[in-house]
There are 2 protein chains.
Amino acid sequence: MKQDDRNRSVRLLWEPDAQVTREPKAALSRARVVEAAIKVADAEGIGALTMRRVAETLGFTTMSLYRHVPGKSELLDLMVDAVWGETEHTPKGPWRAGLEFYARQMWSMYRAHPWLLQLTNARRMPGPNAMTRQDAAFAVVSELGLKPEEIVAVVTTVGQFVAGVGRTMADRVLAERETGVSEEDWWNDRDELWEHFTPERLPMMTHIWTTGGYERPLDEFEFGLARVLDGLEVFISAEDRPVVRRETCL
Amino acid sequence: MKQDDRNRSVRLLWEPDAQVTREPKAALSRARVVEAAIKVADAEGIGALTMRRVAETLGFTTMSLYRHVPGKSELLDLMVDAVWGETEHTPKGPWRAGLEFYARQMWSMYRAHPWLLQLTNARRMPGPNAMTRQDAAFAVVSELGLKPEEIVAVVTTVGQFVAGVGRTMADRVLAERETGVSEEDWWNDRDELWEHFTPERLPMMTHIWTTGGYERPLDEFEFGLARVLDGLEVFISAEDRPVVRRETCL
DNA sequence: AAGCAGAGTGTACGTTGTACACGGCACTAG
DNA sequence: CTAGTGCCGTGTACAACGTACACTCTGCTT
């Protein structure tokens, strides 16, 4: 499969699936491999996503997968863009509704495929599905008179918040699926831990605990999203916006 | 080392280092193992943190580590709480300054130890250092007349934002350290990718690109933190606060 | 003097991604 | 009709990982 090559993933993601090899000679296909891999990851997380496991669910040998994908890294790129393809583009309209829509689309994507948040995003090849969704999000904040770098910052802030809260959700969900033990049961089993949560050591936490603050938690996503959008509104409707440039490259 | 036991990590983290075995018979110690592991992870990320590698930097064999730490999972718990120990407690004072302090402490912790954000937080045993820091953060928002679950939500929102933006930073930094290739060089090498970024397909992104929006990016942390705190301020100073409860358990 | 407990070692196993050489099939060129 | 060519799926093999287990060696307690 095309050997090693800096641009393998680019072609895989952006180019129209080659010339579908007019004869349906192959029993397996790239799409089927990607689909099976997503199914495995959905059910058991990235940790369980091995080439052997994917092949097994398809009823082929491990090495057969390498006829259709160059390697695991590129398979992940394809999986990520495939699930972006399941989301809807943000429709044109007022900025706040648009950003909320964008956030909710990502949120449901993360809920359906929590393994997305177990992956590094650094140097992952962006695919066309992810990019067109982001482009649509840029569009709804493009008519507010913001500078281009402010447009990027606004959309990025929303994305980063959703990824942040999504990650804790995802880790919880996947831990439950992998172990079969519910979050509550697991923490209850750690009986020796709670003995150390004394009012002298952790006054606020024990107070919050005894007044029931942990029994009726607020929805982290809903609460946080409202706050972030409020904060962006303050910025967007301000007269003179402060400029905060990045100082270092990292 | 105490075999398998649900509460191994609890004792390791919360109990005062056992009875230091009156004779300093051991050349190695738990603290030295943890310290060496942190150094390896700092320099090369979690991917390079193997028991063999840690032992090697200490000049011992792999299996010698297991005399001092029950296993890799518990070693990670110890590493995490050790770096929390390097941060300062949020001092009492006005809520906004306090939350900003808390956010900046976490931010510098993440910058110094980016591997923290490569780790799952789900079901990681919390240690005393992390918990007392969080307790101090709760304290600064505890006098605002918020309900206990709102206190939790406010502090959590800040934490989740910092973790979200921190993660992209961390992934970038670690990728550079591991590969020795700068982010910019890496993306420039992906020449075939940019050919697909056409104005027809990605109108906003190409426009932002050509107007220099990517050349002078805003600082994601500074920009986002200001927005999040603004949003929390809107909430805190509101007359009647909306209640958003979590509906499901996940 | 005997023996015991704890530190560090060495070997071995199962799991991972994937390189590589191979066998069988379905076309096409002569 | 036959020989050739190239792709599909297979099987074996290897290096790296965490760690179980059975040692050896040392120095203290009886």
Side-chain angles (χ1 to χ4, degrees), chain A residues 1-5 8-9 12 17-34 36-37 40-41 44-79 115 118-120 178, chain B residues 1-5 8-9 17-33 36-37 40-41 44-79 115 118-120 178:
Chain A
M1 187 110 237
K2 296 203 187 90
Q3 322 281 33
D4 65 344
D5 171 352
R8 273 195 307 193
S9 269
L12 244 36
D17 230 2
Q19 62 292 353
V20 195
T21 57
R22 53 215 171 281
E23 352 107 70
K25 186 151 82 175
L28 217 45
S29 69
R30 184 143 75 227
R32 285 190 61 202
V33 172
V34 172
V40 170
E44 302 170 62
I46 281 296
L49 184 80
T50 67
M51 299 303 266
R52 282 163 172 76
R53 186 98 180 65
V54 173
E56 191 181 300
T57 70
L58 284 164
F60 289 85
T61 62
T62 311
M63 291 314 292
S64 67
L65 305 184
Y66 287 87
R67 287 279 154 202
H68 305 275
V69 234
K72 194 183 186 182
S73 161
E74 290 82 358
L75 174 56
L76 289 171
D77 290 341
L78 290 166
M79 292 168 65
W115 48 269
Q118 300 184 294
L119 262 38
T120 311
E178 272 178 82
Chain B
M1 187 115 232
K2 295 199 188 94
Q3 323 280 31
D4 67 343
D5 170 353
R8 274 193 307 191
S9 269
D17 229 3
Q19 61 291 352
V20 195
T21 57
R22 52 214 171 282
E23 352 109 68
K25 186 151 80 176
L28 219 43
S29 69
R30 184 143 72 229
R32 286 191 61 204
V33 172
V40 170
E44 302 170 61
I46 281 297
L49 184 79
T50 69
M51 299 303 267
R52 284 163 170 78
R53 186 98 178 65
V54 174
E56 191 180 300
T57 71
L58 285 164
F60 289 86
T61 61
T62 310
M63 292 313 292
S64 67
L65 305 185
Y66 287 88
R67 286 277 151 203
H68 305 275
V69 186
K72 194 182 187 183
S73 161
E74 290 83 357
L75 174 55
L76 290 171
D77 290 341
L78 291 165
M79 291 167 66
W115 48 268
Q118 299 184 294
L119 262 39
T120 312
E178 273 179 80

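A note on names: the letters A, B, ... follow the listed sequences, proteins ahead of strands, and every chain is numbered from 1. Just so it is clear, the structure is predicted and the values come from calculations on it, not from any experiment.
Distances shown here put every side-chain N or O of B/His68 at or beyond 4.0 Å from the OP1 or OP2 atom of C/dG6.
Judged by closest nucleotide on DNA chain C, B/Ser64 is the one of B/Ser64 and A/Ser73 placed further toward the 5' end.
Atoms CG (A/Leu58) and C1' (D/dT10) sit 15 Å apart, rounded to a whole Å. The interatomic distance linking A/Glu56 (CD) with D/dG9 (C1') rounds to 17 Å, in whole Å. Atom CZ in A/Arg53 sits about 18 Å away from atom P in C/dT18, given to the nearest Å. Per the geometry, CG belonging to A/Leu28 stands 17 Å off P belonging to D/dC7, to the nearest Å. Atom-to-atom, CG of A/Leu75 to C1' of C/dT18 comes out at 14 Å; the value is rounded to the nearest Å. Here the C1' atom of nucleotide C/dC22 and the OH atom of A/Tyr66 are 18 Å apart, to the nearest Å. Distance CG (B/Leu76) to C1' (D/dG18): 12 Å, rounded to an integer number of Å. If you take CZ of A/Arg30 and P of D/dG9, they are 13 Å apart, rounded to a whole angstrom.
Smallest separation of non-hydrogen atoms from B/Ile46 and B/Gln118: N-OE1, 2.9 Å. Taking both residues in full, the closest heavy atoms of B/Ser64 and B/Leu28 are given as OG-CD2, 3.7 Å, listed atom of the first, atom of the second, then distance.
For B/Arg53, the salt bridge (Lys or Arg N to Asp or Glu O under 4.0 Å) partners two or more places apart in sequence, or in a different chain, are B/Glu44.
Among the protein residues, A/Leu49 comes within range of the sugar-phosphate backbone only, with heavy atoms under 4.0 Å from sugar or phosphate atoms but none that close to a base.
Interatomic distance, CD of B/Glu74 versus NE2 of B/His68, reported as 15.0 Å (0.5 Å rounding). Atom OG1 of B/Thr50 sits about 6.5 Å away from atom NZ of B/Lys72, to the nearest 0.5 Å.
Listed nucleotides: D/dG9, C/dG17, D/dC23. Nearest to the side chain of B/Arg67: D/dC23.
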Ignoring hydrogens and angles, write down the donor-acceptor pairs under 3.5 Å from the side chains of residues 56-63 of chain A, residues two or more places apart or on other chains.
{"residue": "A/Thr57", "atom": "OG1", "partner": "A/Val54", "partner atom": "O", "Å": "2.9"}

List every contact pair, protein side and nucleotides 10-15 of chain C side both N or O, where the distance is under 3.5 Å.
none

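Contact of the A/Leu12 side chain with the A/Asp77 side chain is not registered, since no non-hydrogen atoms from C-beta on lie closer than 4.5 Å.
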